[in-house]
Protein chains: 2
Amino acid sequence: MVTDPTAQLRRGVAEQCVLGLLRERARYGWELAETLGEHGLVASIGTLYPLLARLRSRGLVEAFERESETGPTRKYYRLTDAGRRELAAFRGQWAEFSRTVDDLLGREPE
Amino acid sequence: MVTDPTAQLRRGVAEQCVLGLLRERARYGWELAETLGEHGLVASIGTLYPLLARLRSRGLVEAFERESETGPTRKYYRLTDAGRRELAAFRGQWAEFSRTVDDLLGREPE
DNA sequence: AGACACTATCTTGTGACGCAAGATAGCGGA
DNA sequence: TCCGCTATCTTGCGTCACAAGATAGTGTCT
């Protein structure tokens, strides 16, 4: 098994990106996994459910069920006020962190 | 023990920032730890030595010893050609990754 | 009916790696 | 001698993404 080294980058970030995706509307797990997968932020849907459980136990999201017209019942997640605050705080941390990394990596792209 | 959640962000990144710091000149472990510590990229010097050993075993850096005028012998590290290529490749991956995260977090800072 | 594909959730075991703490040792000064 | 600073390396732990698989509801085709 070759274990993609970029997987390490996603640690702690995938979680916050879920909060980001929920800031405008509630979404269900499968939907989040597809979106994050397209952006390369989770490699496997198995990653997502424990992550959502963690967010929930920290009170950053809350869940409710709604039936689908075409398949099994879906579990939707929405941001709580605490989740919104967490997201805002993380945006600041991320901005500083990514700027620092940009500096340390150096700018020359060639 | 409270385990700083931002520690997760550093995973996989600290390593590459070492390569970045070595791109202009060789540095020794203690020096790297101080610099990275100031930038908040390693919380403890204990993190650094296993990291350097990994970079070395992957052939991305090479080491040589040089005596200090004021203390114990230092072990310096310099980039190899492979390390330089790795750094260049990672810069591209990082640019894409951080842009994606910026998007998913959303832009409104308030 | 039965078989299959698709959607959907959740669980389990593994591995990578940053963290805190500490061991070891050379150096200089009080 | 003792202490503090520099310097390297090791150990045990916790977190979390990954792959793989279990479970089950729905729809379609035959």
Side-chain angles (χ1 to χ4, degrees), chain A residues 1-19 26-37 39-58 60-61 63-77 97 101, chain B residues 1-19 26-37 39-58 60-61 63-77 97 101:
Chain A
M1 189 192 51
V2 196
T3 63
D4 177 11
T6 71
Q8 299 298 326
L9 295 187
R10 306 195 249 282
R11 287 190 150 242
V13 175
E15 189 180 293
Q16 300 287 338
C17 287
V18 167
L19 298 183
R27 299 181 192 239
Y28 59 101
W30 185 268
E31 182 189 5
L32 287 164
E34 280 200 327
T35 306
L36 291 171
H39 288 87
L41 271 160
V42 299
S44 153
I45 181 139
T47 305
L48 195 67
Y49 291 101
L51 187 161
L52 286 168
R54 288 196 300 274
L55 291 177
R56 204 178 171 192
S57 76
R58 291 168 59 199
L60 304 179
V61 302
F64 58 97
E65 303 211 331
R66 185 177 299 168
E67 286 171 27
S68 163
E69 295 168 357
T70 61
T73 302
R74 297 165 173 169
K75 197 159 175 182
Y76 282 79
Y77 295 85
F97 177 75
V101 175
Chain B
M1 192 191 51
V2 196
T3 63
D4 177 11
T6 71
Q8 299 297 327
L9 296 188
R10 307 196 247 282
R11 287 189 154 242
V13 176
E15 192 180 292
Q16 300 287 337
C17 287
V18 167
L19 298 184
R27 299 181 193 240
Y28 60 101
W30 185 267
E31 182 189 5
L32 287 164
E34 280 199 327
T35 306
L36 291 171
H39 288 87
L41 271 161
V42 300
S44 153
I45 180 139
T47 306
L48 195 66
Y49 292 101
L51 187 161
L52 286 168
R54 288 197 299 275
L55 291 178
R56 204 177 171 193
S57 77
R58 291 168 58 198
L60 304 179
V61 303
F64 58 97
E65 304 212 329
R66 185 176 298 169
E67 286 171 27
S68 163
E69 295 167 358
T70 61
T73 303
R74 295 166 173 169
K75 197 159 174 182
Y76 282 79
Y77 295 85
F97 178 75
V101 175

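Per chain, numbering begins at 1; letters A, B, ... match sequence-line order. It should be emphasised that the depicted structure is a prediction, and the values quoted were computed from it without experimental measurement.
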Over how many whole Å does the gap from [X] atom [atom1] to [N] atom [atom2] extend?
{"X": "B/L48", "N": "C/dA21", "atom1": "CG", "atom2": "P", "answer": "18 Å"}
{"X": "B/R27", "N": "D/dT8", "atom1": "CZ", "atom2": "P", "answer": "14 Å"}
{"X": "B/Y49", "N": "D/dT11", "atom1": "OH", "atom2": "P", "answer": "16 Å"}
{"X": "B/R58", "N": "C/dA16", "atom1": "CZ", "atom2": "C1'", "answer": "12 Å"}
{"X": "A/Q8", "N": "D/dT15", "atom1": "CD", "atom2": "C1'", "answer": "11 Å"}
{"X": "A/L9", "N": "C/dG15", "atom1": "CG", "atom2": "P", "answer": "21 Å"}
{"X": "A/R66", "N": "C/dT9", "atom1": "CZ", "atom2": "C1'", "answer": "17 Å"}
{"X": "B/F97", "N": "D/dA17", "atom1": "CZ", "atom2": "P", "answer": "10 Å"}

Ignoring the backbone of [X], work out which of [options] is nearest its side chain.
{"X": "B/R74", "options": "D/dA7, C/dA16, C/dC10", "result": "D/dA7"}
{"X": "A/A7", "options": "C/dT11, C/dC19, D/dA17", "result": "D/dA17"}
{"X": "A/K75", "options": "C/dT9, D/dA17, D/dC9", "result": "C/dT9"}
{"X": "B/S68", "options": "D/dC18, D/dC9, D/dA7", "result": "D/dA7"}
{"X": "B/R10", "options": "C/dG18, C/dC10, D/dA7", "result": "C/dG18"}

For [X], side chain to side chain donor-acceptor pair (under 3.5 Å) partners two or more places apart:
{"X": "B/E31", "answer": "B/R25"}
{"X": "B/T70", "answer": "B/S68"}
{"X": "B/Y49", "answer": "none"}

Task: B/R58: salt bridge (Lys or Arg N to Asp or Glu O under 4.0 Å) partners, not counting sequence neighbours - done: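 Scan of B/R58 (salt bridge (Lys or Arg N to Asp or Glu O under 4.0 Å), adjacent residues dropped) gives B/E15, B/E86.
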TODO: Using only side-chain N and O atoms of A/Y28, determine if any of them is under 4.0 Å from OP1 or OP2 of C/dT9.
DONE: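 For C/dT9, neither OP1 nor OP2 has a side-chain N or O of A/Y28 closer than 4.0 Å.
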Open item on the list: Contact between B/L36 and B/T47 at the side-chain level, heavy atoms closer than 4.5 Å - yes or no?
Closed with: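 Result no, sub-4.5 Å side-chain heavy-atom pair not found.
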Open item on the list: Does any part of the side chain of A/V42, heavy atoms only, come nearer than 4.5 Å to the side chain of A/L32, both counted from C-beta?
Closed with: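 The answer is no, as the side chains (C-beta and beyond) never meet within the 4.5 Å cut-off.
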- [ ] Please answer whether the main-chain N or O of B/G40 pairs with a side-chain N or O of B/R10 as donor and acceptor at a distance below 3.5 Å.
- [x]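 Flag set: sc B/R10 to bb B/G40 pair under 3.5 Å.
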Looking only at heavy atoms, what is the nearest atom pair of [X] and [Y], with distance?
{"X": "B/R56", "Y": "B/Y77", "result": "CD-CE2, 4.4 Å"}
{"X": "A/I45", "Y": "A/A33", "result": "CD1-CB, 3.5 Å"}
{"X": "A/A14", "Y": "A/L51", "result": "CB-CD1, 3.9 Å"}

TODO: Please tell me which of A/R54 and B/P50 maps to the more 5' nucleotide of DNA chain D, matching each residue to the nucleotide holding its nearest heavy atom.
DONE: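 Result of the comparison: B/P50.
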TODO: Please figure out whether A/L51 or B/Y77 has its closest DNA chain D nucleotide nearer the 5' end.
DONE: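 Residue closer to the 5' terminus by nearest nucleotide: B/Y77.
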Task: Close residues, residues 29-36 of chain A, relative to DNA chain D [heavy-atom separation under 4.0 Å] - done: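 Going residue by residue through residues 29-36 of chain A, none turns out to have a heavy atom under 4.0 Å of DNA chain D.
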- [ ] Sugar-phosphate means primed atoms, P, OP1 and OP2; the rest is base. With that split, encode nucleotides 20-30 of chain D 5' to 3' as B, S or - using protein heavy atoms under 4.0 Å.
- [x] B----BSS---
